[in-house]
Novice: 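Shown below is the structure under consideration.
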Amino acid sequence: MEQEMNPWSANQSIDTEKFFTEFGIEPIETVLEHIPDPPVFLRRGIVIGQRDYRPIVEAMNTGAPFHVLTGFMPSGHPHLGHLMVMKEVVWHVRQGGNGYVAVADREAHAVRNISWDKCDEYAREYLKCLYALGYEGQTYYQSRNAGVKDLAFEAAIKMNFSDLQAIYGFGQETALAHAMSVATQVADILYPQTDAGPAPTIVPVGLDQDPHIRLTRDVAFKLRMFTVEQRDGYVSVRSKNAPEAALAAVHKAFAGSKKYEGHVDIPGAPYDEVSTRVRFIEIDHGGYGFYSPSATYHYFMPGLQGGKMSSSIPESSFGFCDPDKDIKKKVMSALTGGRMTLEEQKRLGGEPDKCSVYLLNLFHMCEDDGELAEVHRACRAGELMCGTCKKATWERVREFLADFREKMDEVEHKVDGD
Ligand code: TRP
Ligand code: SF4
């Protein structure tokens with residue numbers, strides 16, 4: 001079942017091996033067993049990798065605080081391709097996460113040349129979708145959040161042009177505002193910890209967003225005053241750039257600790273307790289005490305015609321408020337894994353793993369594992385024909401949209417409050 005549920009073998013252009021070996025992303029399987037009742041995106045191989053997800057899983061299981069954050073660039077109408085991250089955020093909030101959603105209007109304006117008015121208009125649509133999916137938590141616009149803008153400035157102190165060049169290929173001609181929007185995204189990711197206290201923060205993203213995550217983890221580390229290390233029988237708190245008074249405060253906080261030049265050693269102390277106390281001592285002395293952010297990485301749903309799903313390729317996706325007849329047409333003319341003739345299809349069976357209709361079901365339209373497995377089986381067995389299958393899929397899409405739109409109407413007032 002697990003292998004069959006994995007649709008990626010044939011059609012993902014990203015070299016996933018490289019993500020694991022070169023960038024140090026870990027497979028999701030290493031933490032999956034600790035997640036009771038995993039949602040669709042975790043149990044069907046849609047999320048394939050993670051960084052530091054363990055503390056998040058632990059927090060979900062123990063009720064310890066954690067944050068969840070994502071951002072949406074309001075550069076067009078929200079569509080099918082945005083649904084996955086929205087669902088991931090909503091689910092993490094339901095698991096106890098403290099939710100934040102950033103409207104990346106600075107980025108849309110600086111990088112995509114979207115007017116502020118248009119940003120507002122698109123942003124409202126994104127937020128409506130989120131609330132309709134059951135989101136509860138904060139939302140903010142980058143351009144109107146003074147805390148985020150201040151934090152972006154602080155973060156920018158720890159970023160330089162050669163990093164940006166290496167990570168994003170920025171060059172001499174790159175607009176300064178583009179670099180500023182990168183600093184703003186770093187600030188988005190760290191903002192929950194300045195707003196509601198230091199805690200692990202999960203950022204669910206697509207595989208392509210890992211550069212932002214790596215950069216933010218690097219900045220978060222550089223903004224720390226101390227490192228806390230477990231040694232043989234003691235915990236060592238080492239100053240990176242802490243003021244002397246902060247180091248003295250660490251010494252004072254732990255009876256029996258020994259203070260040296262640039263570090264304090266604490267024999268017999270539990271690591272977690274020390275690390276937590278040290279974060280707050282940092283904050284008392286004007287620091288941040290950041291946890292490095294955690295991330296999960298998901299595959300992208302391919303376009304309905306194969307290839308990339310993107311708002312710049314209209315037939316690859318649909319907007320949630322597009323007319324039904326347009327959406328139906330896209331589903332009915334989607335690229336399938338069907339054979340050239342009915343006879344062949346019956347004899348050889350279809351290829352669901354290469355079929356965008358199957359993937360549409362796998363990602364979003366068929367929550368029931370049994371039902372999905374039956375589509376897969378019947379397709380491969382040559383019992384299910386593409387016409388029938390597409391009609392059934394369109395029915396699911398239609399139902400989903402009817403419900404989604406009704407909910408969007410119901411939550412309209414929440415968006416006005418933002
Ligand atoms: N850059 C992201 C995009 O292109 C949007 C974004 C802004 C974001 N801030 C974020 C994503 C913080 C994740 C976390 O869509
Ligand atoms: Fe895809 Fe359905 Fe056709 Fe199979 S029967 S190839 S799943 S459309």
Side-chain angles (χ1 to χ4, degrees), residues 4 7 67-76 78 81-82 84-86 88-89 100-112 114 122-123 126 139-143 145 148 151-152 155 168 178 181-192 201-206 208-213 215-216 293-297 300 304 306 310-311 331-340 342 344-346 348-362 365-366 372-394 396:
E4 288 189 0
H67 307 301
V68 50
L69 171 131
T70 194
F72 294 97
M73 184 155 54
S75 58
H82 300 111
M84 185 49 62
V85 169
M86 292 185 183
E88 289 179 271
V89 170
Y100 290 81
V101 170
V103 173
D105 58 347
R106 286 198 133 186
E107 185 180 358
H109 187 65
V111 181
R112 297 283 174 83
I114 310 291
Y122 293 137
Y126 278 94
T139 64
Y140 67 83
Y141 289 66
Q142 287 176 334
S143 67
N145 186 326
V148 164
L151 187 54
Y168 303 105
H178 196 166
S181 76
V182 170
T184 308
Q185 174 151 356
V186 168
D188 284 333
I189 295 172
L190 299 175
Y191 174 68
T201 303
I202 175 68
V203 189
V205 291
D208 68 319
Q209 297 281 309
D210 187 49
H212 294 304
I213 302 294
L215 175 65
T216 310
S294 310
T296 53
Y297 301 92
F300 290 102
L304 295 174
S310 152
S311 43
V331 173
M332 296 307 289
S333 59
L335 178 75
T336 71
R339 306 287 174 178
M340 295 301 279
L342 273 187
E344 255 190 334
Q345 176 104 350
K346 284 181 186 158
L348 302 170
E351 298 180 286
D353 297 334
K354 293 183 187 168
C355 173
S356 64
V357 176
Y358 179 71
L359 292 179
L360 178 57
N361 285 295
L362 182 142
M365 297 304 158
C366 188
L372 185 70
E374 175 54 20
V375 173
H376 196 274
R377 187 204 64 77
C379 171
R380 295 231 312 203
E383 294 167 19
L384 182 62
M385 299 299 119
C386 294
T388 317
C389 184
K390 285 194 277 195
K391 265 198 210 116
T393 303
W394 160 244
R396 293 188 195 105

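Numbers here are sequence positions counted from 1. Indexing begins at 1, ligand by ligand and atom by atom, following the structure's order.
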Novice: Rounded to the nearest 0.5 Å, what separates atom OH in Tyr358 from atom CG in Leu372?
Specialist: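 Output value for this atom pair is 3.5 Å.
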Novice: Name the option, out of Ala102, Pro74, Gly71, Ser75, that contains the heavy atom nearest to atom 13 (C) of ligand 1.
Specialist: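 Considering heavy atoms of Ala102, Pro74, Gly71, Ser75, the nearest to atom 13 (C) of ligand 1 sits in Gly71.
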Novice: Is it true that, when you exclude Arg396 itself, more than 12 heavy atoms of the residues, nucleotides or ligands shown sit nearer than 6.0 Å to its CZ?
Specialist: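 More than 12 heavy atoms, drawn from other residues, nucleotides or ligands, come within 6.0 Å of this atom.
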Novice: Only one of Thr70, Thr296, Leu69, Val89 clears side chain to side chain contact (heavy atoms under 4.5 Å, CB included) with Ile202; which?
Specialist: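 It is Thr296, the one option of Thr70, Thr296, Leu69, Val89 that forms the side chain to side chain contact (heavy atoms under 4.5 Å, CB included) with Ile202.
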Novice: Could you label the plane-to-plane angle of the Tyr168 and His212 rings as parallel, tilted or perpendicular, counting under 30° as parallel and over 60° as perpendicular?
Specialist: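 Rings of Tyr168 and His212: tilted, as their planes differ by 30° to 60°.
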Novice: Do Tyr122 and Asp105 have side-chain N/O donor and acceptor atoms under 3.5 Å apart?
Specialist: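 No donor-acceptor contact under 3.5 Å links the two side chains.
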Novice: What protein N/O/S atoms lie closer than 2.8 Å to atom 3 (Fe) of ligand 2?
Specialist: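 Protein N, O or S atoms closer than 2.8 Å to atom 3 (Fe) of ligand 2: Cys386 SG.
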Novice: For Glu107 and ligand 1, does the shortest N/O to N/O distance drop below 3.5 Å?
Specialist: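 Yes: some nitrogen or oxygen of Glu107 is under 3.5 Å from one in ligand 1.
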Novice: Give the numbers and elements of all ligand 1 atoms closer than 4.0 Å to a heavy atom of Ala104.
Specialist: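 Answer for ligand 1: 7 (C).
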Novice: Taking N or O atoms only and a 3.5 Å limit, does Asp188 qualify as a polar contact for ligand 1?
Specialist: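 Indeed, backbone or side chain, Asp188 has an N or O that close.
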Novice: So, Lys390 side chain and Met332 main chain: donor-acceptor pair closer than 3.5 Å or not?
Specialist: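 Present.
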Novice: Under 4.0 Å from a heavy atom of Leu69: which atoms of ligand 1 are those, numbered in the order shown and with their elements?
Specialist: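 What qualifies from ligand 1 is 12 (C), 14 (C).
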Novice: Using a 4.0 Å heavy-atom cut-off, say whether Thr184 meets ligand 1 through its side chain, its backbone, both or neither.
Specialist: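 Contact part for Thr184 vs ligand 1: neither.
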Novice: Below 4.0 angstrom from a heavy atom of Met73, which ligand 1 atoms are there? Numbered from 1 as shown, please.
Specialist: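 Counting from 1, the qualifying ligand atoms are 4 (O).
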Novice: Decide side chain to side chain contact (heavy atoms under 4.5 Å, CB included) for Val85 and Glu88; before the verdict, give the C-alpha distance in whole Å, the side-chain angles of both, and the deciding distance to 0.1 Å.
Specialist: CA-CA 5 Å; Val85 169; Glu88 289 179 271; 4.2 Å; yes
Novice: Any chance you could measure Cys379, atom SG, to Met385, atom CE, to the nearest 0.5 Å?
Specialist: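 Separation between the atoms: 8.5 Å.
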Novice: Rounded at 0.5 Å granularity, tell me how far CG in Leu335 sits from NZ in Lys354.
Specialist: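 Those atoms lie 10.5 Å apart.
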Novice: Give the residue and atom name of whichever protein heavy atom lies nearest to atom 8 (C) of ligand 1, and the separation in Å to one decimal.
Specialist: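 In this structure, atom 8 (C) of ligand 1 has Gln185 NE2, 3.3 Å as its nearest protein heavy atom.
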Novice: Distance check, rounded to the nearest 0.5 Å: Arg106 atom CZ versus Thr184 atom OG1?
Specialist: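 Reported value, rounded in 0.5 Å steps: 5.5 Å.
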